[in-house]
A.B. asks: 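Take this structure first; my questions come after.
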Amino acid sequence: MIKITFPDKNVRQYEAGVSALDIAKSISEGLARNVLSAEVNGEVKDASLPIGEDAKIRFFTWNDTEGKATMWHSSAHLMAEAVEFFYPGAKFGIGPDIENGFYYDIDFGDRMVSENDFAKIEKKMLEFAREKQSFVRKEVSKEEALKYFTEKDDEYKLELINDLNDGEITFYESGSFVDLCRGPHLPNTGIIKAVKLLNVAGAYWRGDETRKQLTRIYGITFPKKKELDEYLVKLEEAKKRDHRKIGKELELFTFSQNVGLGLPLWLPKGAQLRERLENYLKKVQTEAGYLPVITPHIGNVKLYKTSGHYDKYGSDSFQPISTPVEGEEFFLKPMNCPHHCEIYKSKPHSYRELPIRYAEFGTVYRYEQSGELHGLTRVRGFTQDDAHIFCMPDQVKDEFKAVMAIVMKIFTALDFEDFIVQISLRDPDDKEKYIGSDENWEKAETAIKEVAEESNLNTVIEYGEAAFYGPKMDFMVRDALGRKWQLGTIQVDYNLPERFELEYVGADNEKHRPVMIHRAPFGSMERFVAVLIEHTAGKFPLWLTPDQFIILPISEKYQNYAEKVLKFLNNSDLRGQIDSRSEKTGRKIRDAELKRIPYMLIVGEKEEADNTVSVRKQGEGDQGTLTWDAYVGSMQDAIEKEMQKR
RNA sequence: GCCAAUGUAGCUCAGUUGGCCAGAGCAGCUGAUUUGUAAUCAGCCGGUCGGGGGUUCGAAUCCCUCCAUUGGCUCCA
């Protein structure tokens, strides 16, 4: 007999060799039906695996992320089985579970697979699911494993097996499909009740651009059909928040092929919104001791040779601009830092002046790959809310923390609650990609790691995500479809000060090298506004929204009164317009609602008689009648409330 | 840059197996209407069907190519 300990510390005795599934059954049939996998002594395992010794056990169901992972990983196998049925000879790469579902990378040879083929594959998957195929785990020797996939002629699996050690290789067999796999898997495929293949995409084998591109099929499965339907509805809803769609509807920005790919054109309403964000940050920065600077959009190529940008990105950038002078070349600036370094160098500095904080909304140009361009989130010309802090080494931490405070302030002000703080460090296996000495990198990485530890934020470390001159702390926020985008960023840099030979005179009357902190709380105005649009679905807070109200006169007769109201509101620092069209009120309301204008002020005979406005709130309907003063008061209160968050 | 899908008026979309001068709604313009909490009515304007090439008696529809968009991959100073 063995002792099984449950998460609630309860202990029960079982025969050795009992499976997690058996144990679940001994508790209740219902639990047994819902168990997808189990954690046995800290490791997630097949629920059907025999347990030979005393163990701590935890069951995973659909309500656990581990349970979902098991479900989706098994679904990848199920899909592979169906794919193999229709495309015998297809070769399989990897097929993991992901945050929402799973994918499998497949080499179909000469055959083309598109979304048109999904229906039959889905149908076959459900068929196999209904057969309640069990996942049979087999430990195999490396030799056996290699033999199997050599016969199957699957070079991808062979490559994977070659990277594994003998004795740690397992196969899983479900139906006719055998896969190299660590597991764990579902007790059987019958748990999968609803299947949806979502899209196909090319994906390089092992993420390596120089290797063959496989066909990746993404899918998701559910234990209930209803959950799939709900998921699909959610996806549709998310698409409605897409900033590209709302940006068009609300006339915030546009693109023109005549101007160029990835070069956004800000329309008046978008420009107003952006300007308010910029003014807000300018105010915060002034309070935090930043000094404004302004630099040109181009710079001599020499500048970027000094900074290292030329070597690193020169050939993939917009190409240099030549001048009538032989050999003279300018670059569109891809970064503001070299310019700011030159400003720093324009005069000698004393340690007493430090830290110096130069801030600029600097527009930069980068030749992003055409396939990467995406609305406002990935563009070729964008404006960074950039600043560079030049400080002494012992000031780095305090300065870094102060910048973090600004980022957090902004995120709080705009209700960005769901963000990831990512520590982006060097790829330890590929130091060639970076400039600067190991010593400098150590110092910079240590500083960031220490600051992160001292903050109360949950951070994740990503290796290989650093900038080429230094490590970063990146603030990642998701868009409507769950894609992560880097917004705020703070970077510690010991390298550029060296390259630009920046100096200050210390208390010891000797020359010292300052440390640079690059930082951009919004990241770029373009990307930030894009994410803001998706988070708010275009319903911006009052302090930001282009029009706070619109006055809707019932008819032409009340145009004069409407103008008086407008003047009064404008004088009270509120902004809005009059809809003077010869339309019915219902129509004006509908249009204002669709434009997400927060307040509609309906004025007619009654309102004119009592000097009031009839207030309608976007999305909420009629709010009753208020005097001008009362309305202004309520608006000021609402804005005041928003200000407190700022 | 790579893989796949898509590309018809400013926007959203119809256009059967290739067959009469390419359609609708919204937007825009003109006129009528003077309107009370999510679409007033009528008329007009607007497209060389993404560009180019080809097949055909005939192409928005079939083929090739280029461009762009979308979803991924790679990249992201």
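Throughout, protein chains are lettered first and strands after them, A, B, ... in sequence-line order, and every chain is numbered starting at 1.
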A.B. asks: With hydrogens left out and only the distance checked, is there a donor-acceptor pair under 3.5 Å joining A/Arg378's side chain and the base of B/C75?
C.D. replies: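 When only heavy-atom distances are counted, A/Arg378 does reach the base of B/C75 through a donor-acceptor pair under 3.5 Å.
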
A.B. asks: For the side chain of A/Arg590, starting at C-beta, report the closest nucleotide among B/U35, B/A38, B/A4.
C.D. replies: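 Looking only at heavy atoms from C-beta outward on A/Arg590, the closest nucleotide is B/A38.
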
A.B. asks: May I ask you to verify whether the side chain of A/Arg216 and the base of B/C3 hold a donor-acceptor pair under 3.5 Å?
C.D. replies: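 Checked by distance alone, the answer is no.
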
A.B. asks: Dot-bracket, RNA chain B: Watson-Crick or G-U, under 3.5 angstrom, [ ] crossing, | other strand?
C.D. replies: (((((((..((((.....[...)))).(((((.......))))).....(((((..]....))))))))))))....

A.B. asks: Using a distance-only criterion (donor-acceptor N/O pair, under 3.5 Å, no hydrogens), is the base of B/G36 paired with the side chain of A/Glu607?
C.D. replies: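 Present.
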
A.B. asks: Look at the side chain of A/Ile602 and decide which nucleotide, out of B/U37, B/U33, B/A77, has an atom nearest to it.
C.D. replies: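 Side chain of A/Ile602 sits closest to B/U37.
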
A.B. asks: Could you check which of B/U37, B/C76, B/U12 has an atom nearest any side-chain atom of A/Lys248?
C.D. replies: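 The answer is B/U12.
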
A.B. asks: Tell me whether the side-chain N or O atoms of A/Thr585 pair up with the base of B/U37 as donor and acceptor below 3.5 Å, since no angle test is needed here.
C.D. replies: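 By the distance-only test, no, there is no pair.
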
A.B. asks: Give a yes or no on whether a donor-acceptor pair under 3.5 Å exists between the nucleobase atoms of B/G1, that is its base, and the side chain of A/Tyr367.
C.D. replies: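 Side chain to base: no pair below 3.5 Å.
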
A.B. asks: Where the side chain of A/Arg483 is concerned, which of B/G1, B/A77, B/G71 is the nearest nucleotide?
C.D. replies: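 Closest of the options to the side chain of A/Arg483: B/G71.
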
A.B. asks: Kindly indicate whether the side chain of A/Gln213 and the base of B/C2 share any N or O donor-acceptor pair separated by less than 3.5 Å?
C.D. replies: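 Checked by distance alone, the answer is yes.
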
A.B. asks: Does a side-chain N-to-carboxylate-O contact under 4.0 Å join A/Lys564 and A/Glu607?
C.D. replies: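 Looking at A/Glu607 together with A/Lys564, the answer is no, because their closest N to O distance does not fall below 4.0 Å.
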
A.B. asks: Side chain of A/Arg616 only, heavy atoms from C-beta on: which candidate in B/A77, B/A5, B/A38 is closest?
C.D. replies: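 Out of B/A77, B/A5, B/A38, the nucleotide with an atom closest to A/Arg616's side chain is B/A38.
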
